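Source: prediction; values computed, not measured. Every chain is numbered from 1, with letters handed out A, B, ... down the list of sequences.
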Number of protein chains: 2
Amino acid sequence: MAQHGKMSILKAYLETKGLKSTAQRDFIADTFFKTNTHISLEELLSKVKRKNKNIGYATVYRTMKLLGESGLAIARQFGDGQTRYENLPEDGHHDHIICMKCSKIAEFQNQKIEQLQSEAAKKLGFTVVNHKLELYGYCAGCAGGDKA
Amino acid sequence: MAQHGKMSILKAYLETKGLKSTAQRDFIADTFFKTNTHISLEELLSKVKRKNKNIGYATVYRTMKLLGESGLAIARQFGDGQTRYENLPEDGHHDHIICMKCSKIAEFQNQKIEQLQSEAAKKLGFTVVNHKLELYGYCAGCAGGDKA
DNA sequence: ATTATTATGATAATAATATTCATTTTCAAT
DNA sequence: ATTGAAAATGAATATTATTATCATAATAAT
């Protein structure tokens, strides 16, 4: 199961925090690491339950919170009051554009923006671990944002 | 009351949506436009109630949702499960850097980033109404992000 | 093996957000 | 000015995501 580099990062993180490694945690984390979208807790839970019927919601919840703290997952909230966790791809980060009318989500990458962010942060004495960039607007189909 | 440019933008927005202008809406919007921080609904409600005792929570809630849709307010969620609305200053937008250890928040502006965002959006056929950019990392004092 | 510490999972508590509905207000057309 | 359809209000209720509780089980170091 644990051929992921992320898995060992998690193990190391747990150790520094004095937390324990458990079968549930490992399984939930592994399941999450295999996703490639922003997944909600509910979705992740059902994915987990397919293989492991008796893992509870609370454990999924707590594990994802942990992953968020460790930097291995990013908690995001788009418009709908649902926290979604994003599994950041090894090859880098992507940002989002959300249509305010139809809720369509498009993704993009821009290395230049990333770079400018780091620079801006450095000026303020910060080191950036991760970031969220969300653009809100109207997609081609909904352009103008006219009356519904 | 309505010497704000924002007020007329709101009026125009309501018109295109076939919505009506009401005393409550105007008052809530005006009160909001006079704030200069990210304000929660609860805070805004109490501000509103000071002058206008019988405006209800639901109306504030609905009005802010409307302002969000119009681009006149930006809904933000930082760590605490509270949606806060940000009144964007006439002189432009500011973004946030949040320290993952001490929760300190610093703000910055970067025109170049804004520009790159619009370009990236345009490529995908989107028109940007507003955006959120949050950097997460460690401030000077917490640098390294060691064990808590 | 023992034991102290932490994790789990079912459930309950909390809190924010969204909806309902009867009443009132707006606004365009008379 | 009056009317009437459409929309807004506000109080209350419903919904839902998140967090906490607690008895039991698992972990890991000695």
Side-chain angles (χ1 to χ4, degrees), chain A residues 2 10-31 38-46 48-70 73-85 103 147-148, chain B residues 2 10-31 38-46 48-49 51-70 73-85 147-148:
Chain A
L10 175 59
K11 291 277 166 66
Y13 179 78
L14 292 177
E15 215 160 307
T16 67
K17 290 285 183 181
L19 302 176
K20 291 172 180 172
S21 187
T22 71
Q24 290 95 326
R25 259 182 199 163
D26 289 357
F27 184 72
I28 293 164
D30 189 65
T31 302
H38 352 87
I39 193 168
S40 70
L41 285 176
E42 213 177 354
E43 289 161 349
L44 183 57
L45 178 67
S46 80
V48 162
K49 286 225 169 186
R50 264 179 239 151
K51 293 260 180 162
N52 211 323
K53 211 90 196 298
N54 52 329
I55 286 183
Y57 181 88
T59 302
V60 173
Y61 171 79
R62 286 183 285 227
T63 299
M64 290 314 298
K65 190 171 184 182
L66 214 57
L67 290 184
E69 287 163 5
S70 76
I74 301 183
R76 291 185 173 278
Q77 14 255 144
F78 301 114
D80 65 339
Q82 281 242 303
T83 295
R84 285 161 188 284
Y85 283 92
S103 294
K147 183 189 303 201
Chain B
L10 174 58
K11 291 277 167 68
Y13 179 77
L14 292 177
E15 214 159 309
T16 68
K17 291 282 182 182
L19 302 176
K20 290 172 180 172
S21 187
T22 70
Q24 290 94 326
R25 259 182 198 163
D26 288 357
F27 185 72
I28 293 165
D30 188 64
T31 302
H38 350 88
I39 193 169
S40 70
L41 285 177
E42 213 177 354
E43 288 161 348
L44 183 56
L45 178 66
S46 81
V48 162
K49 285 225 170 189
K51 293 259 181 165
N52 211 323
K53 211 87 196 294
N54 53 330
I55 286 184
Y57 181 88
T59 302
V60 173
Y61 169 79
R62 287 183 284 226
T63 299
M64 289 315 297
K65 190 170 185 184
L66 212 58
L67 290 184
E69 288 163 5
S70 76
I74 301 183
R76 291 185 172 277
Q77 12 256 143
F78 300 113
D80 64 340
Q82 278 243 301
T83 296
R84 284 161 188 285
Y85 283 92
K147 184 192 296 203

What string of B, S and - do you get for nucleotides 20-30 of chain D 5' to 3' if you count protein non-hydrogen atoms under 4.0 Å?
-> -B-----BS--

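- In this structure, of D/dA8, C/dT8, C/dG9, it is C/dT8 that holds the atom nearest to the side chain of A/Arg25.
- By the salt bridge (charged side-chain N to carboxylate O under 4.0 Å, His left out) test, B/Arg76 is found to be paired with B/Glu86, B/Glu134, residues two or more places apart in sequence or in another chain being considered.
- In A/Glu69, the CD atom is crowded: over 12 heavy atoms of neighbouring residues, nucleotides or ligands sit closer than 6.0 Å.
- For A/Thr83, the side-chain hydrogen bond (donor to acceptor under 3.5 Å, both in side chains) test picks out A/Gln77, with sequence neighbours left out.
- For DNA chain D, if you chain together Watson-Crick or G-U pairs that step i with j, i+1 with j-1 and so on, the runs of at least three with distances under 3.5 Å are C:1-30 with D:1-30.
- Look at B/Thr83 and you'll find a side-chain N or O under 4.0 angstrom from OP1 or OP2 of C/dT17.
- Every residue meeting the side-chain contact (heavy atoms from CB on, under 4.5 Å) condition with A/Ile55, not counting sequence neighbours, appears here in chain and number order: A/Gln24, A/Phe27, A/Ile28, A/Val48, A/Asn52, A/Thr59, A/Val60.
- Contact annotation for B/Glu42: no contact, since no heavy-atom pair falls under 4.0 Å across all strands.
- Residues satisfying the side-chain contact (heavy atoms from CB on, under 4.5 Å) criterion with B/Glu43, sequence neighbours excluded, are B/Ile39, B/Ser40, B/Arg84.
- Residues passing the side-chain contact (heavy atoms from CB on, under 4.5 Å) test with B/Lys20, sequence neighbours excluded: none.
- For B/His38, the side-chain hydrogen bond (donor to acceptor under 3.5 Å, both in side chains) partners are B/His96, not counting sequence neighbours.
- OP1 or OP2 of C/dA16 sits under 4.0 Å from a side-chain N or O of B/Gln82.
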